[in-house]
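Here's the structure we're looking at; comments come further down.
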Amino acid sequence: MITPFTELLTEERKRGGAVGAFTCYDFETARAVLDAAHSATRPAILLISKNIFSAPGGEELVAGIRALANQVPTPTCLQLDHVGDIKLIAHAFANGFDAVMVDGANLPLEAHITLAAEASVLAQRSGGSTEVELGQIAGDEDYSAGAQTGALTNPDEVERFVSLTAPACLAVSIGNVHGEYAFPPTLDWSRLEAIRAKANVPLSLHGASGLLDGDVRRAVLAGITKVNINTDIRRAYLQATELAFPQVRDGWNVRALHDRQVEAVSRAVGAKLRELTPTQV
Ligand SMILES: [Zn+2]
């Protein structure tokens with residue numbers, strides 16, 4: 001059931017867990033995420049990259065995924081991932097996205113604030129929400145290569161940045177990167193604590209695929225309410241494709257291939273959802 005982004009996060013924050021946000025490249029990955037979320041009775045966010053949305057058929061794919069999400073009782077929503085183009089942000093809100101990840105991290109701080117504030121006005125007009133990033137989470141969203149940490153979030157900038165840009169969620173850069181990690185990741189826990197003390201909105205952690213399981217759990221306990229997962233999804237999808245191929249080529253059975261892909265991605269999503277579930281006291 002499509003549920004507002006803000007509601008997903010505020011409800012989860014009260015419960016003390018985190019909402020998993022999973023990148024969906026096609027109908028199969030979206031089905032897998034929704035199957036896993038439904039089985040676990042957990043909320044989930046369906047992330048779509050700007051490259052997928054902008055490609056031919058992208059708007060129709062978003063409409064289809066949204067229709068699919070509305071058939072599943074568990075609360076979900078669609079978010080356009082990392083986008084810095086204000087026209088594309090407006091287009092996203094007009095085409096079924098509930099939230100956008102506004103990416104102005106490569107801009108000077110004041111230009112970044114202007115972009116994020118403009119996006120926030122567009123979001124309010126359409127009943128949607130924005131997520132913003134302070135500092136820079138390095139790495140690529142579609143291609144995994146060893147990435148080194150980008151600029152870390154400065155806790156002293158958080159209050160002003162959030163008050164001027166009015167996001168529903170703030171993404172932190174505390175040693176996390178998109179894709180594969182060039183070096184074993186070391187998260188800056190005291191920085192996270194300082195950011196948490198200054199931000200009056202839910203926090204998100206991107207690039208969770210390469211982190212140790214214990215680190216993800218620790219981040220949730222330290223106040224992270226949204227965790228983005230991408231590389232683990234692509235790995236599960238492509239490994240399942242490779243493993244299934246020798247069998248499905250007998251009869252060129254595309255449907256059987258899709259079933260194997262959905263099963264594998266659903267298992268990977270289910271494992272992540274368990275890590276993000278609030279600890280029972
Ligand atoms: Zn990201």
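Aromatic ring pairs are classed by plane angle as parallel below 30°, tilted from 30° to 60° and perpendicular above 60°; the pair W252 and F245 is tilted.
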task: Applying side-chain contact (heavy atoms from CB on, under 4.5 Å), run through V248 and L257 and close with a yes or a no.
output: CA-CA 6 Å; V248 302; L257 176 66; 4.2 Å; yes

- request: Take I86 and L122 through the test side-chain contact (heavy atoms from CB on, under 4.5 Å) and record every step on the way to the result.
  value: CA-CA 9 Å; I86 197 75; L122 290 176; 3.8 Å; yes

- prompt: After noting the C-alpha distance and the side-chain angles of S204 and T225, does the key distance pass the side-chain contact (heavy atoms from CB on, under 4.5 Å) rule?
  reply: CA-CA 6 Å; S204 67; T225 307; over 6 Å; no

message: Between K50 and D85, is the salt bridge (Lys or Arg N to Asp or Glu O under 4.0 Å) condition met? List the steps.
response: CA-CA 10 Å; K50 64 176 184 296; D85 174 353; over 6 Å; no

- prompt: Between I48 and D81, does a side-chain contact (heavy atoms from CB on, under 4.5 Å) hold up when you go through it step by step?
  reply: CA-CA 6 Å; I48 315 265; D81 211 1; over 6 Å; no

task: In sequence, state the C-alpha distance, the side-chain angles, and the governing distance for R196 and E193, and then conclude on salt bridge (Lys or Arg N to Asp or Glu O under 4.0 Å).
output: CA-CA 5 Å; R196 178 66 284 162; E193 198 179 314; over 6 Å; no

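A continuous path of Ile, Leu, Val, Met, Phe, Trp and Tyr side chains, each step under 4.5 Å between heavy atoms, connects L34 with V265, placing both in one hydrophobic cluster. The hydrophobic clustering, which links ILVMFWY residues whose side-chain heavy atoms are closer than 4.5 Å, places L221 and V227 apart. Linking Ile, Leu, Val, Met, Phe, Trp and Tyr whenever their side-chain heavy atoms come within less than 4.5 Å leaves L212 and W189 in two separate clusters. Hydrophobic clustering keeps V19 apart from L203 (ILVMFWY residues linked when any side-chain heavy atoms are closer than 4.5 Å, directly or through intermediates). Hydrophobic clustering of Ile, Leu, Val, Met, Phe, Trp and Tyr side chains at less than 4.5 Å, counting indirect connections, keeps L68 apart from V262.
T10 places a side-chain N or O within 3.5 Å of a backbone atom of T6 that can act as its donor or acceptor partner. Judged purely by atom type and a 3.5 angstrom limit, D26 uses its side chain to pair as donor or acceptor with the backbone of T29. For R191 (side chain) and I174 (main-chain N/O), no donor-acceptor pair under 3.5 Å exists by modelled atom type. Between the T130 side chain and the A119 main chain, no donor and acceptor come within less than 3.5 Å of each other. A donor-acceptor contact shorter than 3.5 Å links the side chain of R42 to the backbone of L276. The backbone N or O of A37 lies less than 3.5 Å from no partner atom in the side chain of T41, so there is not a single donor-acceptor pair. Put simply, the side chain of D250 never gets that close to the backbone of P246: no donor and acceptor are under 3.5 Å apart. Side chain of T153 to backbone of G135: no donor-acceptor contact under 3.5 angstrom is found. Here the side chain of S209 pairs no donor or acceptor atom with the backbone of I229 at under 3.5 angstrom. The main-chain N or O of A240 is never found under 3.5 Å from a side-chain atom of R260 such that the two would form a donor-acceptor pair.
The salt bridge (charged side-chain N to carboxylate O under 4.0 Å, His left out) pairs that include a residue from residues 117-131 are E131-K226, where partners are two or more places apart or lie in different chains.
A heavy-atom distance below 4.5 Å is found between the side chains of L88 and F53. Counting only heavy atoms from C-beta outward, the side chains of F22 and N230 never approach each other to under 4.5 Å. When side chains are defined from C-beta on, Q79 does not count as touching D98, because their heavy atoms never get closer than 4.5 Å. Two residues are said to be in side-chain contact when any heavy atoms from C-beta on lie closer than 4.5 Å; E7 and P75 fail this criterion. A heavy-atom distance below 4.5 Å is not found between the side chains of L187 and L192. Counting heavy atoms from C-beta outward, V83 and D103 have side chains that stay 4.5 Å or more apart. Annotation: side chain of L152 is not in contact with side chain of V172 (no heavy-atom distance under 4.5 Å). You'll find the side chain of E133 stays beyond 4.5 Å of the side chain of S173, heavy atoms only.
Shown here for G270 and A36, the closest heavy-atom pair between the two residues is N-CB, 3.9 Å. Between A69 and T76, the shortest heavy-atom distance links the atoms CB-OG1, 3.5 Å. Nearest approach of G128 to F93, heavy atoms of both residues: CA-CE2, 4.0 Å. P278 approaches R217 most closely through the heavy-atom pair C-NH1, 4.3 Å. Minimum heavy-atom separation, L273 to A40: CD1-CB, 4.2 Å. Nearest heavy-atom pair across A92 and V100 is CB-CG1, 3.9 Å.
Taken to the nearest 0.5 Å, the CG atom of N228 stands 8.0 Å off from the CG atom of L205. If you take CG on L46 and CZ on F97, they are separated by 10.0 Å, rounding to the nearest 0.5 Å. Within the model, atoms CG of L109 and CG of L164 stand 9.0 Å from one another, a figure rounded to the nearest 0.5 Å. We find the CD-NE2 distance between E157 and H112 to be 10.5 Å, quoted to the nearest 0.5 Å. Taking CG from L115 and OG1 from T165, the interatomic distance works out to 10.0 Å, rounded to the nearest 0.5 Å. To the nearest 0.5 Å, the span separating CE on M101 from NE2 on H82 amounts to 4.5 Å.
In the displayed structure, H91 atom NE2 is contacted under 6.0 Å by more than 12 heavy atoms of other residues, nucleotides or ligands. The local environment of CD in Q247 is crowded, with over 12 non-hydrogen atoms from other residues, nucleotides or ligands closer than 6.0 Å.
Partners of H258 according to the side chain to side chain donor-acceptor pair (under 3.5 Å) rule, which considers only residues two or more places apart in sequence or in another chain, are E28. With sequence neighbours left out, the side chain to side chain donor-acceptor pair (under 3.5 Å) criterion links R160 to E110.
Residues Y25 and N51 bring no donor and acceptor atom of their side chains to less than 3.5 Å of each other. Donor-acceptor pairing under 3.5 Å is lacking for the side chains of R66 and N70. In summary, the side chains of D188 and T186 do not present any donor paired with an acceptor at a separation below 3.5 Å, with no hydrogens or angles considered.
For K272 and D232, the salt-bridge test passes: some basic side-chain N is under 4.0 Å from an acidic carboxylate O.
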